[in-house]
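Step one of this worksheet: look at the structure below.
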Amino acid sequence: MIKITFPDQSVREYNLGSSPMDIAKALSNSLAKEIVAATVNGEKWDVCRPITTNASIKLHKFDDEAGKHAFWHSSAHLLAEAIEALYPGTKFGIGPAIDNGFYYDIDLGETVITDKDFLAIEKKMAELAARKSVYNRRDISKADALDFFTKKGDEYKTELINDLEDGTITLYTHGNFTDLCRGPHLADTSLIKAVKILNIAGAYWRGDEKRKQLTRVYGITFPKQQMLEEYLVLLEEAKARDHRKIGKELGLFAFSARVGQGLPLWLPKGTILRQQLENFLKRVQHAYGYQQVMTPHIGQKELYVTSGHYAKYGKDSFQPIHTPCEGEEFLLKPMNCPHHCEIYNNEPHSYRELPIRLAEFGTVYRYEQSGELHGLTRVRGFTQDDAHIFCTPDQLKDEFKKVMDIIFIIFKALEFKEFTAQISLRDPNNKEKYIGSDENWDKAERAIIEATQEKGLKTVVELGEAAFYGPKLDFMIKDAIGRKWQLGTIQVDYNLPERFELEYTGEDNQKHRPVMIHRAPFGSMERFVAVLIEHTAGKFPLWLAPEQVVILPISEKFNDYAKKVLNLLNNYDIRTSIDDRNEKIGKKIRDNELKRIPYILVVGEKEEHSETIAVRKQGEGDKGSMTVNDFAEFINTEIKKQTKIAEENK
RNA sequence: GCCGAUGUAGCUCAGUUGGCCAGAGCAGUUGAUUUGUAAUCAACUGGUCGGGGGUUCGAAUCCCUCCAUCGGCUCCA
């Protein structure tokens with residue numbers, strides 16, 4: 001007998017060699033049907049693998065991460081079996097589970113598969129799944145494993161095996177397919193009830209762009225058909241929210257092949273939206289003691305040699321601009337910090353002046369490979385909501401907390417309710433990789449950790465993820481349909497103050513080096529607007545909406561009254577227009593609802609007589625009538641409510 | 001940059017194996033209608049079929065090349 005400890009610390013006895021599945025069955029048959037993986041003594045375990053010692057156990061269903069992982073990993077094997085059946089001779093790379101499904105990297109030789117082949121693959125997978133093939137685990141010696149895959153002609157597998165240690169190698173076989181794999185896997189394939197091949201793409205073998213490109217087939221599977229359908233609905237929803245689509249529909253931004261790829265053009269409406277965001281942030285930052293500055297879009301090559309960026313990125317970036325006569329060399333600015341350092345250096349500073357906080361909506365240009373560009377989220381020219389704080393090492397923690405306050409204000413104003421942060425620290429075993437003294441690093445890392453704790457922020461700590469010049473804190477938000485996006489960042493920098501020889505005079509009348517903090521709550525205006533569009537599906541909060549109100553006269557006869565209403569609202573700085581097209585009211589309502597204008601005002605005979613308007617809220621329908629002044633007051637109060645947070649938290 | 005896919009009117013898309021002046025809906029213009037809470041009717045305008053080159057009696061359709069976009073990979077100060 002063996003003693004099994006459950007997560008609630010209860011202990012039960014089972015026969016020697018019982019598998020997690022046996023244990024689950026002993027608990028309840030319905031539970032057993034849902035178990036897809038197990039953790040035994042902290043190790044991921046196949047549900048059918050015998051347990052031979054006393055152990056702690058945790059059973060995983062599909063609804064937890066470990067369960068999904070095993071389910072999708074098993075599905076990747078099933079995909080491989082289907083591929084091998086349909087395309088004999090295919091060579092296999094790796095096939096892991098990912099956040100949403102799984103993939104398998106395959107080498108099809110001369111064969112090319114396209115999305116037209118997906119259906120056949122799905123059918124084959126479903127057919128193979130229904131055979132209820134058991135996943136069998138087998139320990140194997142390195143020599144035997146090499147022999148097996150050499151005979152099979154899978155050179156990718158033999159390469160992988162060569163990197164493994166003898167005695168740690170296991171194979172899994174189900175049906176006609178055997179794979180090198182660590183596991184764990186499902187009991188059998190029959191749990192996989194719903195299959196969808198999502199897309200295919202090229203992927204370099206082992207992520208190395210110098211090596212062969214394999215075909216990566218992405219798929220997802222579920223234990224219930226309905227779950228697949230729900231997932232497909234979510235994908236549709238994500239597609240409907242795509243910022244590239246909505247940005248086009250709402251006339252926010254555009255791209256022109258003639259201007260150049262990755263260079264967004266902000267259209268009038270998108271510009272209003274962006275300016276609202278900028279003004280809001282400027283107000284918040286003003287309240288927090290920031291000073292606004294402006295710097296040129298180019299800088300002498302020398303500036304970036306000083307900053308060190310030229311050495312690091314010079315060759316792989318936009319090439320220098322040369323002046324025709326003097327032979328000067330300028331670079332498009334890839335970041336604002338060197339310019340801000342020179343502003344700091346413009347005059348000597350006393351410790352009494354610190355912290356100095358310089359803010360700029362600075363447009364920067366970075367060369368991105370053409371294939372990396374994506375809508376507004378990855379572009380070649382973009383504007384950072386940048387600021388640099390120059391402070392003493394002792395002020396670091398307090399400044400960090402203040403920056404976090406600003407980020408919280410923004411997240412609140414934009415209704416990002418769920419967010420987490422990642423603290424990136426240096427690799428404690430490789431301290432020499434980093435610039436700056438041990439003492440300062442310790443101080444900075446402690447400051448970040450304490451600041452996040454004091455603010456009650458949910459964080460994960462990643463060792464070795466810090467930049468060479470300092471630790472950082474990155475914010476991750478969850479949008480309205482549960483997707484995660486990385487937004488703002490706060491970074492400590494010991495490097496640039498050194499390189500630019502920044503100084504301040506301390507209390508002791510000696511020169512000291514300030515610490516620099518880079519921070520961008522939005523990240524970039526482009527990326528942030530993209531996330532905001534996908535979060536809101538283009539239904540922006542009132543204060544951000546490029547068009548806040550539209551007035552719809554019932555017929556031409558009421559155009560004059562509509563103009564009167566328009567003038568009144570314009571006096572209140574409410575962004576209003578009239579839709580005086582010769583169309584029926586129903587048509588006008590539909591069109592303006594689709595434009596996601598927050599308020600629609602209908603005016604006709606009734607309203608003209610009573611000096612009122614009929615109010616309709618986007619997505620909610622008729623709200624009854626009120627006087628124009630009452631409406632204007634109402635709108636202003638709403639906007640103040642949405643944006644007042646800056647004043648409150650000063 | 002690499003692999004694969006796509007590119008037809010301002011937008012969304014039809015155009016079977018090469019074959020009459022390249023089509024539809026929406027948008028736009030004009031006219032009729034003067035409208036009460038998610039699409040009034042009609043006429044009209046609008047296209048070097050991504051650019052260039054080639055094959056052919058004939059190319060949106062086949063081939064080459066370039067450009068852009070999309071899905072990934074690699075990259076992201």
Side-chain angles (χ1 to χ4, degrees), chain A residues 98 103 105 107-108 112-116 198-218 239 242 244-245 248-249 251 254-262 304 307-314 316-317 333-338 364-375 377-380 382 384 467-469 472 486 489 491 493 495-496 518 523-524 527 552-559 580-595 600-607 614-625:
Chain A
I98 51 177
Y103 66 78
D105 283 346
D107 182 350
L108 288 152
V112 173
I113 60 172
T114 69
D115 50 8
K116 290 172 194 72
L198 295 168
N199 52 37
I200 46 171
Y204 300 110
W205 171 233
R206 308 193 99 176
D208 184 344
E209 63 183 312
K210 289 185 186 64
R211 304 200 61 179
K212 186 165 183 183
Q213 198 154 36
L214 307 180
T215 304
R216 178 166 297 180
V217 182
Y218 286 87
K239 219 167 149 191
D242 191 317
R244 294 165 299 188
K245 178 172 173 278
K248 193 185 260 186
E249 280 170 11
F255 290 91
S256 149
R258 202 171 275 164
V259 171
Q261 54 177 346
Y304 303 104
S307 73
H309 293 110
Y310 187 79
K312 194 150 190 220
Y313 297 99
D316 307 319
S317 186
K333 79 170 168 190
M335 74 273 302
N336 304 297
C337 3
V364 297
Y365 300 89
R366 295 178 186 179
Y367 169 74
E368 306 283 3
Q369 296 187 72
S370 59
E372 297 160 355
L373 302 168
H374 179 93
T377 58
R378 198 75 192 275
V379 289
R380 282 178 170 172
F382 58 96
Q384 295 178 307
F468 74 93
Y469 51 78
K472 62 178 180 173
Q486 201 204 309
T489 171
Q491 305 193 1
D493 188 345
N495 181 41
L496 287 182
H518 309 253
S524 81
R527 187 175 161 78
L552 312 187
I554 296 275
S555 81
E556 272 176 7
K557 288 186 249 170
F558 310 106
N559 283 355
D580 59 1
R581 290 174 305 159
N582 183 3
E583 291 288 353
K584 292 174 81 167
I585 194 70
K587 164 81 162 167
K588 291 205 235 185
I589 285 169
R590 177 184 158 77
D591 288 351
N592 287 291
E593 284 275 347
L594 290 175
K595 282 160 83 178
I600 292 174
L601 306 182
V602 176
V603 296
E605 196 175 357
K606 260 189 297 185
E607 287 74 21
V615 180
R616 203 189 142 95
K617 192 169 179 188
Q618 205 279 333
E620 295 181 22
D622 201 344
K623 291 283 174 193
S625 59

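Order of the sequence lines sets the chain letters (A, B, ...), proteins ahead of strands, with each chain counted from 1.
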> So, is A:H374 near the phosphate of B:rG71, with a side-chain N or O under 4.0 Å from OP1 or OP2?
Replying inline: yes
> Out of B:rA38, B:rU40, B:rU34, which has the shortest distance to the side chain of A:I589?
Replying inline: B:rA38
>> What I want to check is whether an N or O donor and acceptor connect the side chain of A:Q369 with the base of B:rU74 at under 3.5 Å.
In response: yes
> Is there a donor and acceptor pair, one atom on the side chain of A:E209 and one on the base of B:rC73, closer than 3.5 Å?
Replying inline: no
> Checking side chain to side chain contact (heavy atoms under 4.5 Å, CB included) against A:V615, which of A:I600, A:D622, A:V602, A:L601 comes through?
Replying inline: A:L601
> Salt bridge between A:R244 and A:D242, side-chain N to carboxylate O under 4.0 Å?
Replying inline: yes
> Does B:rA32 have a Watson-Crick or wobble mate here (both distances under 3.5 Å), and if so which one?
Replying inline: B:rU40
>> So, OP1 or OP2 of B:rA27: does either fall under 4.0 Å of a side-chain N or O from A:K587?
In response: yes
>> For B:rG1, give the paired nucleotide (Watson-Crick: N1-N3 plus N6-O4 or O6-N4; G-U: N1-O2 and O6-N3; both under 3.5 Å), or none.
In response: B:rC73
> Contact class for A:R216 (heavy atom, under 4.0 Å): base, sugar-phosphate, or nothing?
Replying inline: sugar-phosphate
>> Could you tell me the Watson-Crick or G-U partner of B:rU6, where both distances fall under 3.5 Å? Say none if there is no partner.
In response: B:rA68
> Which is true for A:E583 with a 4.0 Å heavy-atom rule: it touches a base, it touches only sugar-phosphate, or it touches nothing?
Replying inline: base
>> Classify A:E607 by what it touches in the nucleic acid, base, sugar-phosphate, or nothing, heavy-atom distance under 4.0 Å.
In response: base
>> For a quick check of understanding: with a heavy-atom distance under 4.0 Å over all strands, which category does A:R244 fall into, base, sugar-phosphate or nothing?
In response: sugar-phosphate
>> By the 4.0 Å heavy-atom rule, please label A:G371 as base, sugar-phosphate, or nothing.
In response: base
> Does the base of B:rG1 carry an N or O that pairs as donor and acceptor with the side chain of A:Y204 under 3.5 Å?
Replying inline: yes
> If you take all heavy atoms of A:Q261 and A:S370, which pair is closest and at what distance?
Replying inline: NE2-CB, 3.4 Å
> Charged N to carboxylate O under 4.0 angstrom, A:R616 versus A:E593?
Replying inline: yes
> Expressed as a whole number of Å, how far does the C1' atom of B:rA59 sit from that of B:rU40?
Replying inline: 42 Å
> So, for A:Q369 and A:Y367, which heavy atoms are closest and what is the spacing to 0.1 Å?
Replying inline: CA-OH, 3.9 Å
>> I want to verify a distance call: between B:rG28, B:rC73, B:rG36, whose nearest atom is closest to the A:A203 side chain?
In response: B:rC73
> So what does A:G207 hit on the nucleic acid, given a heavy-atom distance under 4.0 Å: a base, only sugar-phosphate, or nothing?
Replying inline: sugar-phosphate
>> Using a distance-only criterion (donor-acceptor N/O pair, under 3.5 Å, no hydrogens), is the base of B:rA38 paired with the side chain of A:R616?
In response: yes
> For the residue pair A:Y204 and A:R211, what are the closest heavy atoms and their distance?
Replying inline: CD2-O, 3.6 Å
>> Taking only the P atom of each, what is the distance from B:rG19 to B:rC26 in whole angstrom?
In response: 28 Å
>> Is the phosphate of B:rC3 approached by A:T215 (side-chain N or O, under 4.0 Å from OP1 or OP2)?
In response: no
> Expressed in whole Å, how much space separates the P atoms belonging to B:rA24 and B:rA14?
Replying inline: 16 Å
> Nearest-Å distance, CG (A:D316) to P (B:rU74)?
Replying inline: 17 Å
> Say you pick atom C1' in B:rC63 and the same atom in B:rU45; how far apart are they, in whole Å?
Replying inline: 37 Å
> Which whole number of Å gives the distance between the C1' atom of B:rA77 and that of B:rA38?
Replying inline: 49 Å
> With respect to the side chain of A:K248, which nucleotide from B:rU12, B:rA77, B:rG28 is positioned closest?
Replying inline: B:rU12
> Per the atom types in the model, does the base of B:rA68 pair as donor or acceptor with the side chain of A:Q261 at under 3.5 Å?
Replying inline: no
>> Any strand counts, and the cut-off is 3.5 Å on both contacts for Watson-Crick or G-U wobble. Which nucleotide pairs with B:rA22?
In response: none
> Which part of the nucleic acid, if any, lies within contact of A:I554, taking any heavy atom under 4.0 Å across all strands shown: a base, the sugar-phosphate backbone alone, or nothing?
Replying inline: base
> Sub-3.5 Å donor-acceptor pair from the side chain of A:R216 to the main-chain atoms of A:A201, do we have one?
Replying inline: no
> A:A467 near the nucleic acid: base, sugar-phosphate alone, or nothing, with a heavy-atom cut-off under 4.0 Å?
Replying inline: nothing
> For A:Y304 and A:P338, which heavy atoms make the closest approach, and how far apart are they?
Replying inline: CE2-CG, 4.1 Å
>> Considering every strand and a 4.0 Å limit on heavy-atom distances, what is the contact class for A:A201: base, sugar-phosphate, or nothing?
In response: base
> Which part of the nucleic acid does A:K588 contact within heavy-atom distance under 4.0 Å: base, sugar-phosphate only, or nothing?
Replying inline: nothing
>> Measuring only the C1' atom in each nucleotide, how far is B:rA9 from B:rG28? A whole number of Å is fine.
In response: 11 Å
> Would A:Y218 pass as stacked on B:rG72, i.e. its ring centre under 5.5 Å from the base's six-membered ring centre and planes under 30° apart?
Replying inline: no
>> Under 4.0 Å, heavy atoms only, any strand: does A:K557 hit a base, just the sugar-phosphate, or nothing?
In response: sugar-phosphate
> What is the distance from NZ of A:K210 to C1' of B:rC2, rounded to the nearest Å?
Replying inline: 12 Å
> Checking only heavy atoms, does the side chain of A:R378 share a donor-acceptor pair with the base of B:rC75 at less than 3.5 Å?
Replying inline: yes
> With rounding to whole Å, what would you report as the distance between B:rU30 and B:rG71 at their P atoms?
Replying inline: 40 Å
> Expressed as a whole number of Å, how far does the P atom of B:rG58 sit from that of B:rC3?
Replying inline: 34 Å
> To the side chain of A:R590, which of B:rG71, B:rA38, B:rG72 is closest?
Replying inline: B:rA38
> Under 4.0 angstrom, heavy atoms only, what part of the nucleic acid is A:E372 near: base, sugar-phosphate, or nothing?
Replying inline: base
